[in-house]
Asker: 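Sharing a structure with you now.
Along the sequence shown, the residues carry numbers beginning at 1.
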Amino acid sequence: MSSMRPLIPLLIAAGILLGGNGLQSTLIALRGAQEGFSASTIGLMGTFYFAGFLLGCLAVTHIMKAVGHVRAFSALAAIASAGTLLLVLVVDPVMWCALRLAGGFCFAGLFTIMEAWLNSGAANKDRARVLAIYRMVDIGSVTGAQFLIPIVGASGFAIFAVMSIMITLSLVPVSLGDRSNPTPPEDVKLDLARVWRISPLGCFGCIAVGVTNSAFRTLSPVYAEQIGMSVTDVVTFVSVGIFGGAIIQYPLGYLSDRWDRRSVLLITTCCALLASLALVFWARSDPSLNFVIVFIFGCFAMPLYSLSAAHSNDRADKGEFVRINAALMLFYSFGAIGGPFAASTAMQYFGPSALFVFTATVYATFVVVILYRMQVRSGVPAGHRSRFIGLLRTSTVFARLAKRNDDSDGPDKQ
């Protein structure tokens, strides 16, 4: 346990940041609706956020090399905190889009720095424990922070001040904790064309999941608010969907290690598709039914990224884990940029349930692609499959933290 002690301040900072980011995503949708912004405008803000996130993933390593971990973290946290306050000081759709772009850039950088730092400080024998704690921190902070909204209230200045305080407080454990300044991670060589050739299905899956998960994360509060839920019910709806994905991810991963991974991916996608349709045609405006079905939806929708990534890694050469997953993270980001605006446009014209009609359509397309790939390419034998690893979509550096001891991409210069 003593070897883990230096990482505790970083994990505390990660919890504060993850919670603040999750809180902001839900609040933007709720407060935007209260301010009279259309669903398509709120979706456009989500698109700007994920565009900024992609840019942050690509740029942050260069910032870290220029000024170091602590200064880079401090600068990005200060910008994110100031941007949060500007959201309530200047209530304007154009300004909010610009601030969401900047916020996406900052949070991508903050998560990258955090995970690079954790990777540098985690000994191989502690890596699994660090990953487990980090995932628990992620789920606990993101779901728990949501309930600050009904406690503080979505209207007024206070909730934005709370978010700004959370982001600012993340600086404290980073500044006063571990005083080391690890060498910035080496840039991962990104060859998107090669990764696509290795596994077209895995890449398409990550794009599809980017489209649907970003749409759900950005617009599920709008859906819940428009069907008449209270603020408490809205945050419960969002939280149970996220929590569902954490519950069943590893059982699905366990099965995919033993069966043809594509069969598990097919079954999981079909279940997510059916849950989407159930939200459209069965749940309607009943809060309890919506909670139950969105939990089932989360159980099958959220693990699709990790299952797609695991399938891609089955096809990769030994030692390519980090490179493959960094590329898949970018494919996910490409989908995430388009998802919120496309889904919100459908909601604008056809009502709140169009969010899940849109989602079901994407899943149906993915099902067709899976069936096609199963016909044109044989499965990976059980003995050649990689072990399933649940991946967070927080940064391209997470793959370095998650990689197995025997799956090195060469010297890890962190």
Asker: Return yes when atom CZ of Phe291 has more than 12 non-hydrogen atoms of other residues, nucleotides or ligands closer than 6.0 Å, and no otherwise.
Answerer: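 Yes, CZ of Phe291 has more than 12 neighbouring heavy atoms, counting only those of other groups under 6.0 Å.
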Asker: For Gly253, does its backbone N or O pair with a side-chain atom of Ser256 as donor and acceptor, under 3.5 Å?
Answerer: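 Checked: pair present.
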Asker: Between CZ of Phe300 and CZ of Phe295, what distance do you get to the nearest 0.5 Å?
Answerer: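 Between atom CZ of Phe300 and atom CZ of Phe295 there are 9.5 Å.
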Asker: Name the orientation class of the two ring planes belonging to Phe216 and Phe237 (parallel below 30°, tilted from 30 to 60°, perpendicular beyond 60°).
Answerer: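 If you compare the ring of Phe216 with that of Phe237, the planes turn out tilted.
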Asker: Give the C-alpha distance, both sets of side-chain angles, the deciding distance and a yes or no for side chain to side chain contact (heavy atoms under 4.5 Å, CB included) between Ser276 and Phe358.
Answerer: CA-CA 9 Å; Ser276 299; Phe358 171 83; over 6 Å; no
Asker: If we only count heavy atoms from C-beta on, is the Ser40 to Tyr349 side-chain gap below 4.5 Å?
Answerer: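 When only atoms from C-beta onward are counted, Tyr349 and Ser40 do not touch, as no gap falls below 4.5 Å.
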Asker: Between the side chain of Thr268 and the main-chain N/O of Val264, is any donor-acceptor distance below 3.5 Å?
Answerer: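 It does hold such a pair.
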Asker: If every non-hydrogen atom of Thr218 is compared with every non-hydrogen atom of Ile42, which pair is closest and at what distance?
Answerer: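 Here Thr218 and Ile42 meet closest at CG2-O, 3.8 Å.
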Asker: Counting distance only, does the side-chain N/O of Ser199 pair as donor-acceptor with the main-chain N or O of Val195 below 3.5 Å?
Answerer: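 Checked: no pair found.
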Asker: Taking atom CG of Leu27 and atom CD1 of Ile159, what is their separation to the nearest 0.5 Å?
Answerer: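 Rounded to the nearest 0.5 Å, the CG-CD1 separation comes to 6.0 Å.
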Asker: Counting N and O atoms only, with roles assigned by atom type, does the side chain of Ser344 sit under 3.5 Å from a partner on the main chain of Phe341, one being a donor and the other an acceptor?
Answerer: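 Yes, the answer is positive, given that a donor and an acceptor are paired below the 3.5 Å cut-off.
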Asker: Does some side-chain heavy atom of Trp196 sit less than 4.5 Å from a side-chain heavy atom of Leu192?
Answerer: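 Contact flag for Leu192/Trp196 side chains = no.
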Asker: Do the non-hydrogen side-chain atoms of Arg217 and Thr26 ever get within less than 4.5 Å of each other?
Answerer: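 Arg217 vs Thr26: side chains touch.
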Asker: Would you check if the side chain of Asn290 reaches a backbone N or O of Asp286 as a donor-acceptor pair within less than 3.5 Å?
Answerer: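 Judged by distance alone, yes, a pair lies under 3.5 Å.
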Asker: Could you tell me which residues satisfy side-chain contact (heavy atoms from CB on, under 4.5 Å) with Leu99, sequence neighbours excluded, listed by chain and number?
Answerer: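 Here the qualifying residues are Leu86, Leu87, Met95.
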Asker: Please report the closest heavy-atom contact between Gly298 and Pro303, naming both atoms and the distance.
Answerer: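 Taking every non-hydrogen atom into account, O-CD, 3.6 Å.
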Asker: Quick check: closest heavy atoms across Phe160 and Leu85, and the distance to 0.1 Å?
Answerer: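 Taking every non-hydrogen atom into account, O-CD2, 4.1 Å.
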Asker: Side chain to side chain contact (heavy atoms under 4.5 Å, CB included) with Val211: which of Thr365, Val362, Thr361?
Answerer: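 Among Thr365, Val362, Thr361, the one meeting side chain to side chain contact (heavy atoms under 4.5 Å, CB included) with Val211 is Val362.
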Asker: Please check if the side chain of Gln348 supplies one atom and the backbone of Ala39 the other of a donor-acceptor pair under 3.5 Å.
Answerer: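 A pair under 3.5 Å: yes.
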Asker: Does Arg373 reach the main-chain N or O of Pro200 with its side chain, forming a donor-acceptor pair under 3.5 Å?
Answerer: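 Here the side-chain-to-backbone pair does not exist.
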Asker: Please report the interatomic distance CZ(Arg262) to CD1(Ile267), rounded to the nearest 0.5 Å.
Answerer: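 Output value for this atom pair is 13.0 Å.
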Asker: Is any side-chain heavy atom of Leu201 less than 4.5 Å from a side-chain heavy atom of Tyr372?
Answerer: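 Contact flag for Leu201/Tyr372 side chains = no.
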Asker: Can you confirm whether Trp96 sits close enough to Val91 that some side-chain heavy atom of one is under 4.5 Å from a side-chain heavy atom of the other?
Answerer: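 Trp96 vs Val91: side chains touch.
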Asker: Backbone N or O of Leu54 within a donor-acceptor pair of the Ser333 side chain at under 3.5 Å?
Answerer: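 Side chain of Ser333 to backbone of Leu54: no pair is present.
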Asker: At what distance, to the nearest 0.5 angstrom, does CD1 of Ile242 lie from CD1 of Ile247?
Answerer: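 Going from the CD1 atom of Ile242 to the CD1 atom of Ile247 covers 13.0 Å.
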Asker: In this structure, are over 12 heavy atoms from other groups packed under 6.0 Å from Phe350 atom CZ?
Answerer: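 Counting neighbours around CZ of Phe350, 12 or fewer heavy atoms of other residues, nucleotides or ligands fall under 6.0 Å, so no.
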Asker: Please report the closest heavy-atom contact between Gly20 and Met163, naming both atoms and the distance.
Answerer: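 Scanning both residues completely, I find the closest heavy atoms to be O-SD, 4.3 Å.
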Asker: Please test Ser38 against Thr41 for side-chain hydrogen bond (donor to acceptor under 3.5 Å, both in side chains), starting from the C-alpha separation and ending with a verdict.
Answerer: CA-CA 5 Å; Ser38 66; Thr41 300; 2.9 Å; yes
Asker: Looking only at side chains, do Thr212 and Thr359 share a donor and an acceptor under 3.5 Å apart?
Answerer: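 No pair is found: no donor N or O on one side chain lies under 3.5 Å from an acceptor on the other.
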Asker: How about Thr269 and Leu273: do any of their side-chain heavy atoms sit closer than 4.5 Å?
Answerer: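 A side-chain contact is absent here, since even the closest heavy-atom pair is not under 4.5 Å.
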Asker: Between Phe297 and Phe356, does the ring centroid distance fall short of 6.0 Å?
Answerer: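 Phe297 vs Phe356: aromatic centres under 6.0 Å.
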Asker: For the CD1 atom of Ile167 and the CG atom of Leu76, what is their distance to the nearest 0.5 Å?
Answerer: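 The CD1 atom of Ile167 sits 11.5 Å away from the CG atom of Leu76.
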Asker: Does the side chain of Leu23 reach to within under 4.5 Å of the side chain of Met166, using non-hydrogen atoms?
Answerer: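 SC-SC contact between Leu23 and Met166 confirmed.
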Asker: I'd like to check the side-chain contact (heavy atoms from CB on, under 4.5 Å) partners of Asn21; sequence neighbours left out, ordered by chain and number.
Answerer: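 Residues passing side-chain contact (heavy atoms from CB on, under 4.5 Å) with Asn21: Tyr49, Phe107, Phe111.
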Asker: Can you see which heavy atom on Phe48 is nearest to which on Cys97, and at what distance?
Answerer: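 Result for this residue pair: CB-O, 3.5 Å.
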Asker: Of Thr236, Val292, Asp233, which meets side chain to side chain contact (heavy atoms under 4.5 Å, CB included) against Pro287?
Answerer: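 In the set Thr236, Val292, Asp233, the residue that makes a side chain to side chain contact (heavy atoms under 4.5 Å, CB included) with Pro287 is Asp233.
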Asker: For Gly22, does its backbone N or O pair with a side-chain atom of Gln146 as donor and acceptor, under 3.5 Å?
Answerer: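 Present.
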Asker: Quick check: closest heavy atoms across Ser164 and Thr84, and the distance to 0.1 Å?
Answerer: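 So the two residues come closest at N-CG2, 3.9 Å.
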Asker: Less than 4.5 Å apart, side chain to side chain, heavy atoms only: is that true for Met45 and Phe37?
Answerer: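 Result yes, sub-4.5 Å side-chain heavy-atom pair found.
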Asker: Between the main-chain N or O of Ala336 and the side-chain N or O of Ser214, is there a donor-acceptor pair closer than 3.5 Å?
Answerer: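 Confirmed, Ser214 side chain pairs with Ala336 backbone.
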Asker: Would you check if the distance from the ring center of Tyr305 to the ring center of Tyr332 is below 6.0 Å?
Answerer: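 Judged by ring-centre distance (under 6.0 Å), Tyr305 and Tyr332 do meet the cut-off.
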Asker: Can you measure from CD1 (Ile337) to CD1 (Ile207) and round to the nearest 0.5 angstrom?
Answerer: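 Output value for this atom pair is 11.0 Å.
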